[in-house]
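A quick write-up on the structure given underneath.
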Amino acid sequence: MNVFFAALHKELLLQWRTRARVLSVVVFGATALLLMSFAIGPDAGSLRQYAGGFLWLALLLSSTLTLEASLEAETEQQALEGLLLLPVAPTILFYSKALANTAQLALLGTVLVPVAIVLYGAGTARPLALFGLIVLGAGGLAAPGTLYATMTARARAKQTLLPLLLFPLVVPVLIAATKASSLLILGDPMRQLSAWLTLLVAFCGIYWTLCGLMFGVIVED
Amino acid sequence: MNVFFAALHKELLLQWRTRARVLSVVVFGATALLLMSFAIGPDAGSLRQYAGGFLWLALLLSSTLTLEASLEAETEQQALEGLLLLPVAPTILFYSKALANTAQLALLGTVLVPVAIVLYGAGTARPLALFGLIVLGAGGLAAPGTLYATMTARARAKQTLLPLLLFPLVVPVLIAATKASSLLILGDPMRQLSAWLTLLVAFCGIYWTLCGLMFGVIVED
Amino acid sequence: MGFLLVAVGVVLLLSGSWYGLFVSPQERYMGDVQRIMYVHVPTAWNALLLFTFAMGCALMSLWRGGWGWDAHHEALLEGAAVLSALLCVQGAIWARPTWGVWWDWDPRLTTTAVMFLALLGILALRSAVDDPEKRATWSAVATIIAFVDVPIVYFSVRWWNSLHQMQSSPETVSAPFIVPLRLNAFGVLALMGGLALLRARVAARRTARELGPALEPLPAGALVEAR
Amino acid sequence: MGFLLVAVGVVLLLSGSWYGLFVSPQERYMGDVQRIMYVHVPTAWNALLLFTFAMGCALMSLWRGGWGWDAHHEALLEGAAVLSALLCVQGAIWARPTWGVWWDWDPRLTTTAVMFLALLGILALRSAVDDPEKRATWSAVATIIAFVDVPIVYFSVRWWNSLHQMQSSPETVSAPFIVPLRLNAFGVLALMGGLALLRARVAARRTARELGPALEPLPAGALVEAR
């Protein structure tokens, strides 16, 4: 367990060192939110109706940038300091990486919420529930995202490859998170929220297990 | 003039060699169109209403990938074959590059239209006008896009940097092209199409001139 | 073996299509449009079946190793991608006269589209990795992960889009409709299976070339156990 | 010079704000909310003014060269970015009680948001390029290109969003409203100008360090002509 915390600490430290990069991803996400509003038009009603979906689209588009960056920092720092040479089991390495990426994506999502509130009027009466939803959704993106980013980090044309692999896979996360945030923003008269949260929890459970098992296979060769 | 055609031929040849990459960008664009529909919901009416905006958002998101790829191919091929060492004036180099990128983006947009027609029911009675619009919009994205991609090709964190520079700049292209395609898809009772096309033509005129002048400055140092 | 299966598949498909087009009666509510079901349903069955076979090859490739599994994995992925592309096209052709739109956000059709994109992603991964060892392992992992996703996508799209039509299964369909369905189902299976076997042989030969002189002089049959 | 301007700016801003908050009468239709205009309008003028100065420095940096122009370019870009961020925040504070929404898609407000993002992009480009020569040239080019875009964005947003309110100009505003506007306008200009001068000195020193020992022993004043 101590090894796990040491590995997690290392990952978070690496992310802290590349915080300038994270900041520019936040700007990218905010730009995406602004551009999407131009695709809808200035009508406040429709903007509010689709705010949940656009928040998650912006987060999804930004996620490939942070996931790539997290692996890139890894590769660069590894050359410089040999931090990766810690004798850590691949499973521990994966969970520390995935947890650090979840934290980063949840932070990104949390920062984009005020932008969405200002631009789309997407205020919610249950901000804590929205935060929990963002953490869950970030977890759903981070587990397969970390695995795929590790694979594509050294492949050709990785900027295109990571979204091609990740986007079809996380369709359930996008659907469930979009529906759940829309319910939080627009109100939930039919009590459908828990069904969507269950779907997200199930997705996270399946992929945090499966990707943890598979990570060993892809780094051991 | 012959020099220009030789340079253009070289650029198109380079793009033809990286056609596998272009294909994966098409898949990325189609994936983006599918994901955006999940953010809107299965209602056919609203999908059709926003189809124009989503088509251009997908094209804009894909454009940074093709622009990056076009410069990457350049750098790789240059090392291999020294094609860049042709004694060509920077202005000619810029216009051949920008024209080749316009062709590639227009091709990408044209391929995404059937996807949008199928997924969003975004059929139009004036397909030729839509094609002309795509070429104009592609030109608007390609001129500043080529200039910025040349700058960011050798900078750190280029995947994030190119959209940060390009997206705010092409807001007028996105707005005008979105509005014009929506008019072509949904009908144009107020005859507003020509105003938006004029805006696009003005944008293209200004930036094809300005970026051609500036390209010399950035490659000569 | 591959050529034989292709021939069997073509014969079955021809007879099934003849039966479906000329022998089966017209469906009461949907008319002749319904006849596209004789291709559509067998394509759907076989797309899923090929993806399942690909998943099996991916598992065997990880567990046992062996370039043969990898070659068949590649061939079956491509087969499944072709069939799901066909499915999307057929779905659009079916939706147009039936509902007046090209796409109806039916959970099965939408899941097929997602599956098609996921398969293209795995094939892109295979084409972007040059080292054959890594290509085999990584694409096998990607196939397993994508395969697990298919039912989750199906249920999330189904909840997302409450409107949804009944599954057609042999129980609800009368005999003259079953015959062409069965003939075409086995026809597509034999055709795609045969093509996959032929394609796998090409893939195995390419891998052998990539692995270099160490494996050069082996006969074609021995490649399968060569890893 | 820099510190003097900052002091003058603070004095002007304090007196302007005092006048605006306590001397000017309440506006007839909008009440006290209108008083945010005494900060908002001067901020808007100065954001555009600083961006224009930055554009001038970019042009001079390309045409004449000289690290001084580059240092002032950097400082003015940051000043313009800070002011446009403030403008967006003030716009949101103004829109909330007036229209009940945080954002009203007014062409000026939306253009400011786009300008803010464009400025962040140029600053990100500056921070991503290590070679000082390239950084100076490339960011100057980016500034020129972005500056030309501002009026185009303004008109396209205006057409996009037909709903649009009148510009406020001194002619339509009576005397007791003009005094705090003028005081604050010059106050913000002096404050930001002074801060930009101080910031430019820091930038010039950093560039000198980056250029290495060749320029080391020059006095601070000489850096400006050192390129």
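In what follows, every heavy atom counts, from backbone to side chain, and hydrogens, waters and symmetry copies are set aside.
Counting heavy atoms from C-beta on, the side chains of B:Leu164 and D:Leu120 never come closer than 4.5 Å. Side-chain atoms of D:Leu125 and B:Tyr148, non-hydrogen and from C-beta on, never get closer than 4.5 Å to each other. Counting only heavy atoms from C-beta outward, the side chains of D:Asp149 and B:Tyr207 approach each other to under 4.5 Å. The shortest distance between side-chain heavy atoms of D:Val141 and B:Met151 falls below 4.5 Å. The shortest distance between side-chain heavy atoms of D:Ile152 and B:Leu199 falls below 4.5 Å.
Scanning all heavy atoms of the two residues, the minimum distance from B:Ile175 to D:Ser156 falls at CG2-O, 4.0 Å. A pairwise comparison of heavy atoms in D:Ile145 and B:Cys211 identifies CD1-SG, 4.1 Å as the closest pair. Of all heavy-atom pairs between B:Leu161 and D:Gly121, the closest is CD1-O, 4.5 Å. Shown here for B:Trp196 and D:Trp160, the closest heavy-atom pair between the two residues is CH2-N, 3.6 Å.
In terms of non-hydrogen atom pairs under 4.5 Å with chain B, the most contact-rich of D:Val129, D:Asp130, D:Val150 is D:Asp130.
With B:Val171 as reference, D:Val114 is the one residue of D:Leu117, D:Thr111, D:Val114 to meet the side-chain contact (heavy atoms from CB on, under 4.5 Å) rule.
Looking at B:Ala195, only its backbone comes within 4.5 Å of chain D, counting heavy atoms on both sides. Within the 4.5 angstrom heavy-atom criterion, only side-chain atoms of B:Leu147, from C-beta onward, approach chain D.
By the neighbour-count criterion of 12 heavy atoms within 6.0 Å, atom OH of B:Tyr95 is densely surrounded, having more than that number from other residues, nucleotides or ligands. Summarising the local packing, CZ of D:Arg206 is surrounded by more than 12 heavy atoms from other residues, nucleotides or ligands at distances under 6.0 Å.
The distance from atom CH2 of D:Trp138 to atom OG1 of B:Thr152, rounded to the nearest 0.5 Å, is 8.0 Å.
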task: Please lay out, stage by stage, how D:Leu62 and B:Met214 fare under the test side-chain contact (heavy atoms from CB on, under 4.5 Å).
output: CA-CA 10 Å; D:Leu62 285 185; B:Met214 288 294 164; 4.3 Å; yes
